[in-house]
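Here the structure is a predicted model, which is why all the values come from computation and not from measurement. Lettering follows sequence order; numbering is per chain, from 1.
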There are 2 protein chains.
Amino acid sequence: MIEADSTPDAESTLPVSTRGARRGRPAATIYDIAKLAGVNPSTVSRALSKPGRINVKTEERIHAAAKELNYRLNPMARALPTGRTNSLGLLLADITNPMFFNVVRGAESAASKRGYTLLLAESQESSEREAAAAERLSPSVDGLVLVTSRLSDEEIVELADQRPLVVINRKVHGIPGIVPEIGPGIEQALAHLGALGHTAIGFVSGPVNSWMNRARWAELLERAPALGMTIVEIGPGKPTLDGGAATLARVVASGVTAVLAYNDLMAIGLMRAAQESGIDVPGKLSIIGFDDIFGSDFTSPQLSTVRTPLGAIGDRAVRLMMQLLDEDAGAPPHRDAEVALVTELVVRGSTGPAAH
Amino acid sequence: MIEADSTPDAESTLPVSTRGARRGRPAATIYDIAKLAGVNPSTVSRALSKPGRINVKTEERIHAAAKELNYRLNPMARALPTGRTNSLGLLLADITNPMFFNVVRGAESAASKRGYTLLLAESQESSEREAAAAERLSPSVDGLVLVTSRLSDEEIVELADQRPLVVINRKVHGIPGIVPEIGPGIEQALAHLGALGHTAIGFVSGPVNSWMNRARWAELLERAPALGMTIVEIGPGKPTLDGGAATLARVVASGVTAVLAYNDLMAIGLMRAAQESGIDVPGKLSIIGFDDIFGSDFTSPQLSTVRTPLGAIGDRAVRLMMQLLDEDAGAPPHRDAEVALVTELVVRGSTGPAAH
DNA sequence: CCGGTTTTGGCAACCGGTTGACAAAATCAG
DNA sequence: CTGATTTTGTCAACCGGTTGCCAAAACCGG
């Protein structure tokens with residue numbers, strides 16, 4: 001049997017670090033290519049990044065040399081003079097909330113399609129940690145995308161002063177943001193509950209510093225009375241299963257026959273807590289969540305919920321970021337009008353006729 | 001005659017890009033600090049990164065100046081000469097598989113604790129895309145972590161030749177890897193099924209190029225006969241809800257009374273398909289999944305599953321990577337023996353007495 | 001064949017740090 | 001107080017690209 005580990009002595013003559021490659025060749029540079037192709041390094045740089053600037057014949061020769069040396073551009077070396085890193089920072093409130101999966105996927109695929117890389121950080125629902133993470137990511141990226149940020153408006157504006165920034169699920173004055181239209185989904189949800197005979201509704205609210213939480217509540221508050229319904233806020237609570245479960249006593253005490261919860265996690269938590277207490281869902285209590293996360297159709301009954309086009313939101317956010325970056329680079333403001341990001345009610349089993 | 005190069009605006013005097021900051025100051029450098037503190041830039045560099053190398057008094061002065069200018073180090077500028085980027089690449093097979101959430105969280109928190117940043121990419125279960133993503137990430141990171149890689153052993157070895165690399169859920173000769181002990185969980189699962197009277201077992205298998213899929217199957221194959229059980233492989237299939245559902249006909253046809261599925265997603269997919277076909281779970285068919293992902297306790301019945309310590313695995317993987325990097329930098333091989341990553345059966349509702 | 005225009009490629013400075021080598025200053029031993 | 005030693009800070013080169021400027025080369029119409 002052969003030992004994979006060879007003696008490290010040969011490496012001792014190498015410079016400071018093994019740079020680039022660990023064992024293999026020390027990674028080709030444009031200087032190596034230049035030597036091989038018999039031209040100046042700057043010509044190589046141009047051939048590789050400014051197609052057309054160089055004579056076709058020469059360009060070919062350079063490309064051939066690059067291929068032969070298995071050249072890959074050093075992103076750091078390029079970033080230093082240009083200031084462009086070709087990467088985006090994505091800051092999430094809580095990685096384990098399935099809501100983020102689709103946002104991340106949408107963002108990742110849009111980014112990698114444009115040759116951008118995603119740097120990821122999570123704040124675990126803490127604004128301090130989020131600020132720290134933003135601080136850490138900021139110098140290494142071209143732009144920052146904040147998903148469901150827990151930062152204050154002021155902090156966000158300050159951050160946007162350093163780097164192009166896009167917020168998701170939030171509106172901050174002067175900051176580009178991607179927010180789905182919550183109106184349609186909420187309208188449908190209320191209409192649905194109304195048709196089932198519910199007149200006393202509750203809103204199980206999430207984190208106070210969540211913009212989306214306030215937006216949903218505001219929308220409900222505005223629309224419910226017009227439909228002849230009463231509505232009360234129950235919360236705030238943590239946007240988790242436990243957070244939802246914890247509101248059960250208050251929900252019961254409030255006398256409402258249906259609730260909308262800030263998100264699916266809370267809705268499911270509440271539903272399970274209710275069932276454990278012998279409260280039938282939807283027999284005694286109808287529950288509607290928000291987002292339509294993974295697993296919301298696993299429950300029994302399956303959760304009725306207001307679906308948010310999470311993947312599309314992630315995609316749109318990075319495309320918007322690309323536009324901002326292009327504009328910064330001098331391109332025309334091409335901000336194209338895209339299809340709307342609309343929410344819609346998905347009726348499943350957790351809503352039923354009001355018990356009276 | 002007008003100068004060919006008539007100045008469009010004040011910006012033309014600026015360097016290439018607006019570098020660093022968008023609106024705010026152009027971001028302080030060690031040169032600014034040096035000027036302010038009245039020392040040489042190299043002294044600033046040392047004061048900031050080699051504590052003790054510089055006179056305490058001077059160091060203080062420099063730190064004060066740095067703080068005053070709100071200095072932050074430019075990661076790219078540091079990475080260029082040192083080759084160290086202080087970031088790790090994390091490559092996932094499928095972001096939307098909840099299995100990865102906890103791995104990512106574990107990895108992210110371990111990384112950010114050590115001042116490292118995570119670069120994320122997903123391969124969407126495609127080995128070509130995975131190779132491309134690895135290629136793209138590789139030059140910008142100090143190390144690569146492959147989670148449930150779909151690459152061939154050869155490709156992985158080749159990748160490891162360029163960068164320190166750690167694989168999760170896989171063993172490749174000569175490549176450091178983090179793999180949970182699947183033995184205990186499987187032993188418990190089989191014992192559990194045996195106690196319930198099951199003698200004909202099925203394994204709903206996942207992707208052929210998944211090492212973990214083969215490992216689980218091999219373990220089952222070895223242990224089942226010794227327990228007086230027959231076992232058959234049903235698959236391969238995609239590691240998704242649909243992939244699991246698609247195996248229903250074959251599961252039924254095989255005559256087994258219990259199955260273990262490659263992962264929870266397939267298990268849940270199969271369970272739902274079975275229920276839709278009027279097959280009672282666990283009355284007619286017992287089902288056990290793997291991993292204990294988010295949502296596996298949402299189903300009805302809740303899924304019995306072999307839990308994998310996913311968060312701990314992510315954490316361990318980046319800590320192992322840190323050790324590799326430290327060693328590369330000349331530190332002693334300190335590879336400490338950690339607590340084992342053991343799997344265990346979580347008995348819930350999807351398993352019951354064999355119907356015969 | 002000539003002067004003028006356009007292409008093409010080289011030169012050199014620069015991005016913002018790091019580090020080996022070295023000299024000046026401070027400290028110490030005798 | 002002197003010479004040896006240690007501490008401290010400066011100099012300059014370097015990492016690997018990018019780009020403004022310029023001169024040489026190629027091309028053009030007449």
Whole-Å distance separating the [atom1] atom of [X] from the [atom2] atom of [N]:
X       : N      : atom1 : atom2 : value
A:Tyr31 : D:dC14 : OH    : C1'   : 10 Å
A:Leu80 : C:dG17 : CG    : C1'   : 8 Å
B:Asn74 : C:dC14 : CG    : C1'   : 14 Å

Selected nucleotide, minimal atom distance to [X] side chain, candidates [options]:
X       : options                : answer
B:Asn40 : D:dT18, C:dT18, D:dT10 : D:dT10
A:Thr43 : C:dT19, D:dC15, C:dG10 : C:dG10
A:Tyr71 : D:dT8, D:dT10, D:dG17  : D:dG17
B:Ala77 : C:dG17, C:dG9, D:dT10  : C:dG17

Need one value for B:Thr29: base, sugar-phosphate or nothing, where a base atom within 4.0 Å counts as base even if backbone is also close, heavy atoms only.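 Contact class for B:Thr29: sugar-phosphate only.
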Hey, does B:Lys50 reach any base, or is it just sugar-phosphate, or nothing, if we go heavy atoms under 4.0 Å? sugar-phosphate
Please tell me which of B:Glu59 and A:Leu48 maps to the more 5' nucleotide of DNA chain D, matching each residue to the nucleotide holding its nearest heavy atom.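 By nearest-heavy-atom nucleotide position, the 5'-most residue is B:Glu59.
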Is it the case that [N] (base atoms only) and [X] (side chain only) share a donor and an acceptor within less than 3.5 Å, ignoring hydrogens and angles?
X       : N      : value
B:Arg46 : D:dT10 : yes
B:Thr82 : D:dC15 : no
B:Arg53 : D:dG9  : yes
B:Arg72 : C:dG17 : no

Could you walk me through whether B:Leu88 and B:Leu325 pass the side chain to side chain contact (heavy atoms under 4.5 Å, CB included) check? CA-CA 11 Å; B:Leu88 262 29; B:Leu325 294 175; 4.2 Å; yes
